[in-house]
**Q** 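This structure is in structure tokens; I'll ask about it shortly.
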Amino acid sequence: YWQDHVAGIFIDKGNFGRHPVEPCFFYSREWEIYLLIDGDDTFAIGRVKEMVEFKEFMTKNLHCNASELVGVYTKCQELRFLKKHIRVTPEGWEYEGDPKHAETLLLKFNCESARPVDSPGVQEPESEENQVPLTAAEHAEYRSGAELFQYIAEDRADLKFSTKEL
């Protein structure tokens, strides 16, 4: 598997240690770099000097396209990783989900003019005789929307309860 191949390179050639519980996380004591690997995407956190060395290690040992270094002392201040925006500001680091996912949901379910509510999850009792089973296409669309809500809710505490109710 690809992830085993990449993990072997980090462990054997880069002297990284693998997290004992979460196999996608690695750490290098030598470089003081933390890694998150998701499929063929790698996100690394460390000091600029060590990150430059790590970038050379990556390009030498893996066929990859390394992005610019992002940080307070670099010219690049923002990047995207796993459809999330990560940026550095004078106040510190920020990350947010891609706003286009929320826009996609609003358009998909015709909710562009929907207004927020103060108490999500309040339901009016509905009799079973008024319930109509979903067609296969409607069921697939519902599941697709629920999955996208779950992805967005990872970064949005205000959506967690509503998403759980789906």
Side-chain angles (χ1 to χ4, degrees), residues 1-109 120 136-137 139-166:
Y1 296 106
W2 170 251
Q3 59 268 31
D4 295 329
H5 171 71
V6 172
I9 290 172
F10 288 130
I11 292 168
D12 298 335
K13 294 183 178 180
N15 201 24
F16 277 82
R18 194 175 210 169
H19 192 279
V21 177
E22 180 56 64
C24 297
F25 289 103
F26 295 81
Y27 176 71
S28 167
R29 291 189 190 281
E30 176 187 341
W31 285 329
E32 294 185 21
I33 290 176
Y34 293 89
L35 296 180
L36 165 63
I37 300 175
D38 184 71
D40 61 351
D41 295 320
T42 301
F43 184 79
I45 299 173
R47 294 184 305 247
V48 174
K49 179 180 178 267
E50 287 76 10
M51 291 299 295
V52 170
E53 292 174 17
F54 176 68
K55 190 173 177 179
E56 291 171 6
F57 169 82
M58 289 283 290
T59 55
K60 178 182 175 188
N61 291 285
L62 295 164
H63 178 73
C64 65
N65 297 321
S67 68
E68 290 293 319
L69 296 179
V70 176
V72 177
Y73 305 110
T74 63
K75 63 181 177 181
C76 185
Q77 303 296 303
E78 184 172 352
L79 66 85
R80 285 179 46 125
F81 181 72
L82 300 180
K83 299 182 181 177
K84 307 230 186 270
H85 294 273
I86 301 169
R87 71 183 66 82
V88 64
T89 69
E91 291 80 34
W93 290 89
E94 299 176 348
Y95 90 101
E96 68 177 331
D98 193 331
K100 77 175 181 181
H101 296 307
E103 294 167 11
T104 299
L105 281 170
L106 291 174
L107 292 171
K108 183 175 197 158
F109 295 107
H139 188 243
E141 186 173 2
Y142 173 82
R143 287 177 54 118
S144 170
E147 290 168 358
L148 191 48
F149 261 114
Q150 286 178 326
Y151 185 76
I152 294 171
E154 290 177 12
D155 306 317
R156 300 269 313 266
D158 59 325
L159 295 178
K160 289 188 184 290
F161 179 80
S162 302
T163 302
K164 177 185 77 73
E165 295 297 303
L166 295 175

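Everything numeric here is computed off the predicted structure, so don't read it as measured data.
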**Q** Would F43 and I86 count as a side chain to side chain contact (heavy atoms under 4.5 Å, CB included) here? Give the steps.
**A** CA-CA 11 Å; F43 184 79; I86 301 169; 3.6 Å; yes
**Q** Output yes when a side-chain donor or acceptor of T59 lies under 3.5 Å from a complementary backbone atom of K55, and no otherwise.
**A** yes
**Q** Check for a donor-acceptor pair, side chain of Q77 on one end and backbone N or O of T89 on the other, with a separation under 3.5 Å.
**A** no
**Q** Side chain of S162, backbone of L159: donor and acceptor closer than 3.5 Å?
**A** no
**Q** List the steps and the verdict of side chain to side chain contact (heavy atoms under 4.5 Å, CB included) for I45 and W93.
**A** CA-CA 12 Å; I45 299 173; W93 290 89; over 6 Å; no
**Q** When you check the gap from the basic side-chain N to the acidic O, do E50 and R47 get nearer than 4.0 Å?
**A** yes
**Q** Taking it one step at a time, do I37 and F25 satisfy side chain to side chain contact (heavy atoms under 4.5 Å, CB included)?
**A** CA-CA 7 Å; I37 300 175; F25 289 103; over 6 Å; no
**Q** Taking all non-hydrogen atoms of both residues, which atom of C76 and which atom of L69 are closest, and how far apart?
**A** CB-O, 3.4 Å
**Q** Just to verify, which of Y34, F16, F10 counts as forming a ring pair (Phe, Tyr, Trp, His ring centres under 6.0 Å) with Y27?
**A** Y34
**Q** Assess whether a salt bridge exists between K49 and E53, defined as any Lys/Arg side-chain N lying under 4.0 Å from an Asp/Glu carboxylate O.
**A** yes
**Q** Could you tell me the separation between the NZ atom of K60 and the CD1 atom of I9, rounded to the nearest 0.5 Å?
**A** 12.0 Å
**Q** On the 0 to 90° scale, with breaks at 30° and 60°, tag the F57-W31 ring pair as parallel, tilted or perpendicular.
**A** perpendicular
**Q** Write down the atom of I33, the atom of G46, and the distance for their closest heavy-atom approach.
**A** CG1-CA, 4.3 Å
**Q** How long is the gap from OG1 on T104 to CD1 on I152, to the nearest 0.5 Å?
**A** 7.5 Å
**Q** Taking all non-hydrogen atoms of both residues into account, name the closest pair between R18 and I11 and its distance.
**A** CB-CD1, 4.3 Å
**Q** E96 pairs by salt bridge (Lys or Arg N to Asp or Glu O under 4.0 Å) with which of K84, K83, R87, R156?
**A** R87
**Q** Would a 4.5 Å heavy-atom cut-off, applied to side chains only, mark C24 and H19 as touching?
**A** no
**Q** Taking the ring centre of each residue, are Y151 and H101 less than 6.0 Å apart?
**A** yes
**Q** At their closest point, which heavy atom of A44 faces which heavy atom of F54, and how far apart are they?
**A** CB-CE2, 3.7 Å
**Q** Nearest heavy-atom pair of L148 and L105: which atoms, and what distance?
**A** CD2-CG, 3.7 Å
**Q** Would T42 and L35 satisfy side chain to side chain contact (heavy atoms under 4.5 Å, CB included), going step by step from the backbone distance to the final call?
**A** CA-CA 7 Å; T42 301; L35 296 180; 4.0 Å; yes
**Q** Can you see which heavy atom on G97 is nearest to which on H85, and at what distance?
**A** O-CD2, 4.2 Å
